[in-house]
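What follows is a set of notes on a single structure, which appears directly below.
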Amino acid sequence: MKLATAFDGTIQILRLEWAFLTFGFLMSFWSAFGQTFFISLFSPQLRNDLNLSHGELGAYYALATLLSAFLLYWCGKLTDKVNIGILSKGTIAVVCCAAISFPAVNSSLTLFLAFLALRLSGQGMMYMVYSTAVTRRYTVIRGRALAFSSLGQNIAEAFFPILVVFLLGYFDWRMIWVGLAFVAFFSFWPMINILTRKPSREQEILEFSEKTENIISEIKSYRRSDVIKDWVFWAVVIWLTMIPAFWITGLLFHQIFISELKNIPLTLWMANYFWYALSAITGAIISGILVDNYTAHSIAAVTQLPMLLATLLLWFGNNFVTLIFFFIFFGIGSGMLQPMINSLLAERYGTKWIGEIKSLAMPLNVIASAASPIVMGLMIDAGSGLSELMALLICSSAYSTLVAYFVFNIRGVKDPFMDQKFRE
């Protein structure tokens with residue numbers, strides 16, 4: 001009965017709020033320009049044109065990623081101060097300009113600057129703008145709204161590798177970047193005002209129920225300076241996103257090495273990304289429904305389990321079936337993260353200053369994603385094999401799962417400062 005009600009409510013959400021959810025979807029989709037999976041598709045061309053080794057290219061990328069995380073700490077606050085339509089137009093314009101200028105790199109310095117522009121605008125601000133806007137706009141249906149918006153990146157991860165490989169057979173890589181940037185700008189930028197219009201009266205009725213009023217009255221909006229004092233943020237909340245970011249980026253960056261260790265042909269490994277993309281979409285929707293029905297605090301630990309199961313399957317699995325299930329759980333875990341973590345921050349700290357709070361959390365997440373290729377690469381260089389790499393990932397995933405369950409489900413710590421004399 002509850003599942004049927006959730007399904008009916010989801011259909012109603014799509015019918016009433018398709019415009020704003022489309023905005024979130026397209027922001028998520030075109031953030032691909034700054035995502036690792038997209039940029040890495042052109043790494044052979046970059047290395048050949050600039051005469052760089054794998055390590056040198058990775059080093060420039062990691063440094064640019066770390067600097068983008070540092071800058072995002074300040075840039076992210078704009079989501080609390082600037083109109084969503086204006087900020088979205090500015091962000092997509094910067095992303096497209098960065099993509100158009102990317103093919104012009106001709107030295108190590110211009111490559112570093114290009115990486116920085118793409119990572120800050122694409123991976124950083126595109127995500128910050130849409131996720132903050134969706135988080136702030138919805139309360140009762142926040143989880144499902146975030147899930148639908150985040151599907152853009154999942155679709156991009158499945159779509160762009162196929163498209164780029166096809167286009168590289170006919171066009172120079174530089175033309176592909178310029179062409180896609182123009183498509184992104186002219187298909188999305190003119191629509192932003194329409195897609196970000198104010199909520200309809202029906203949507204307001206859907207959202208502002210008695211349940212919503214109770215939720216809003218119970219939540220105090222905290223500033224970033226307050227969040228820094230919350231021990232649960234440092235002990236639990238941030239690891240719920242940093243550990244999966246470390247896990248996912250490290251695995252993607254070293255996937256060829258891992259597939260060789262497992263004696264899996266690379267073509268077979270890549271073919272299973274279909275299951276990853278499908279499962280990521282499923283995981284996002286499941287996470288959104290669970291958040292809306294049980295709160296992000298209650299289901300935070302559950303969202304960490306798929307990653308843990310995926311690691312065990314990759315480590316001990318030895319046939320085609322276990323490989324499929326690895327990608328399925330890998331995708332589910334990836335898809336569940338965004339609805340949960342964005343809703344958790346809103347539930348815990350309110351939405352008035354959610355932009356500056358996210359600009360504290362997200363740079364730490366970016367640092368984790370930048371560190372994983374280096375840490376795992378050093379382990380590989382030191383002679384580590386599959387067992388050592390998987391043990392690292394299992395131990396980290398187990399921590400984020402168990403600590404979230406203990407703090408949120410057993411102890412029930414949902415007030416940021418329930419253990420402190422902080423309230424005014």
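Keep in mind that what you see is a predicted model, and the values were worked out from it rather than measured.
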task = Keeping to residues at least two apart or across chains, list the side-chain hydrogen bond (donor to acceptor under 3.5 Å, both in side chains) pairs with something in residues 235-245.
result = Thr241-Asn365
query = Got a donor-acceptor contact below 3.5 angstrom from the Lys262 side chain to the Phe257 backbone?
reply = no
Flag, side chain of Ser101 to backbone of Cys97, donor-acceptor distance under 3.5 Å = yes
message = Can a donor-acceptor pair be found, under 3.5 Å and without considering hydrogens, that links the side chain of Asp226 to the backbone of Arg223?
response = yes
request  = Say whether, by atom type as modelled, one donor and one acceptor occur between the side chain of Ser384 and the main chain of Met379 under 3.5 angstrom.
outcome  = yes
Exceeds 12 heavy-atom contacts within 6.0 angstrom, atom OH of Tyr405 = no
inquiry  = Tell me if a side-chain donor or acceptor on Asp292 pairs with a main-chain N or O of Gly143 at a distance below 3.5 Å.
reply    = yes
inquiry  = Would you say NZ of Lys352 has more than 12 non-hydrogen atoms from neighbouring residues, nucleotides or ligands within 6.0 angstrom?
reply    = no
message = Around atom CH2 of Trp269, are there more than 12 heavy atoms from other residues, nucleotides or ligands closer than 6.0 Å?
response = yes
inquiry  = Side chains of Thr79 and Lys358: any donor to acceptor distance under 3.5 Å?
reply    = no
inquiry  = Between Tyr349 and Arg224, do the side chains contain a donor N or O and an acceptor N or O under 3.5 Å apart?
reply    = no
ask   = Can you tell if the side chain of Leu111 reaches within under 4.5 Å of the side chain of Leu57, non-hydrogen atoms only?
value = yes
request  = Taking Arg144 for its side chain and Ile289 for its backbone only, find out whether a donor-acceptor pair lies under 3.5 Å.
outcome  = no
inquiry  = Whether the Thr132 and Thr135 side chains hold a donor-acceptor pair (N or O, under 3.5 Å, no angle test) is what I'd like checked.
reply    = no
remark   = For Phe330, the ring-ring contact (aromatic ring centres under 6.0 Å, His included) test, sequence neighbours excluded, returns Trp247, Tyr276, Phe326
key: Non-hydrogen side-chain atoms of Leu163 and Leu180 separated by less than 4.5 Å   = yes
Cationic N near anionic O, under 4.0 Å, Arg142 to Glu347 = no
key: Short side-chain to backbone donor-acceptor contact, Arg197 and Ile194, under 3.5 Å   = yes
ask   = Should Leu323 and Leu268 count as side-chain neighbours, where that means a heavy-atom distance under 4.5 Å?
value = yes
query = Looking only at atom types and distance, does a side-chain atom of Thr351 sit under 3.5 Å from a main-chain N or O of Arg136, one as donor and one as acceptor?
reply = no
Pairs involving residues 389-400, ordered by first then second residue, that meet side-chain hydrogen bond (donor to acceptor under 3.5 Å, both in side chains) (sequence neighbours left out) = Gln304-Ser400
request  = Compare every heavy atom of Ser187 with every heavy atom of Val183, then report the nearest pair and how far apart it is.
outcome  = O-OG, 2.5 Å
query = Considering the options Phe160, Phe23, Phe38, Phe188, which one meets the ring pair (Phe, Tyr, Trp, His ring centres under 6.0 Å) requirement together with Phe29?
reply = Phe160
query = Are Thr65 and Arg119 close enough that a side-chain donor and a side-chain acceptor fall under 3.5 Å?
reply = yes
task = Hey, can you tell me if Phe115 and Tyr61 have their rings parallel, tilted or perpendicular (30° and 60° cut-offs)?
result = perpendicular
ask   = Out of Phe25, Tyr127, Tyr130, which residue meets the side-chain contact (heavy atoms from CB on, under 4.5 Å) rule with Ser150?
value = Tyr130
key: Under 3.5 Å donor-acceptor, Asn272 side chain and Phe327 backbone   = no
message = Holding to side-chain hydrogen bond (donor to acceptor under 3.5 Å, both in side chains), I want the full list of residues that pass it with Ser43, two or more places apart in sequence or in another chain.
response = none
remark   = Quick note, side-chain hydrogen bond (donor to acceptor under 3.5 Å, both in side chains) partners involving residues 20-34, not counting sequence neighbours, are Ser31-Gln35
Under the ring-ring contact (aromatic ring centres under 6.0 Å, His included) test, residues paired with Trp234 that sit two or more places apart = none
Audit row: Phe112, Tyr60, ring pair (Phe, Tyr, Trp, His ring centres under 6.0 Å) steps and yes/no = CA-CA 6 Å; Phe112 171 78; Tyr60 287 124; 7.3 Å; no
ask   = Backbone N or O of Ala284 within a donor-acceptor pair of the Ser287 side chain at under 3.5 Å?
value = no
task = I would like to know whether Glu56 and Arg47 meet salt bridge (Lys or Arg N to Asp or Glu O under 4.0 Å); could you show each step before the answer?
result = CA-CA 9 Å; Glu56 289 171 332; Arg47 285 188 289 102; over 6 Å; no
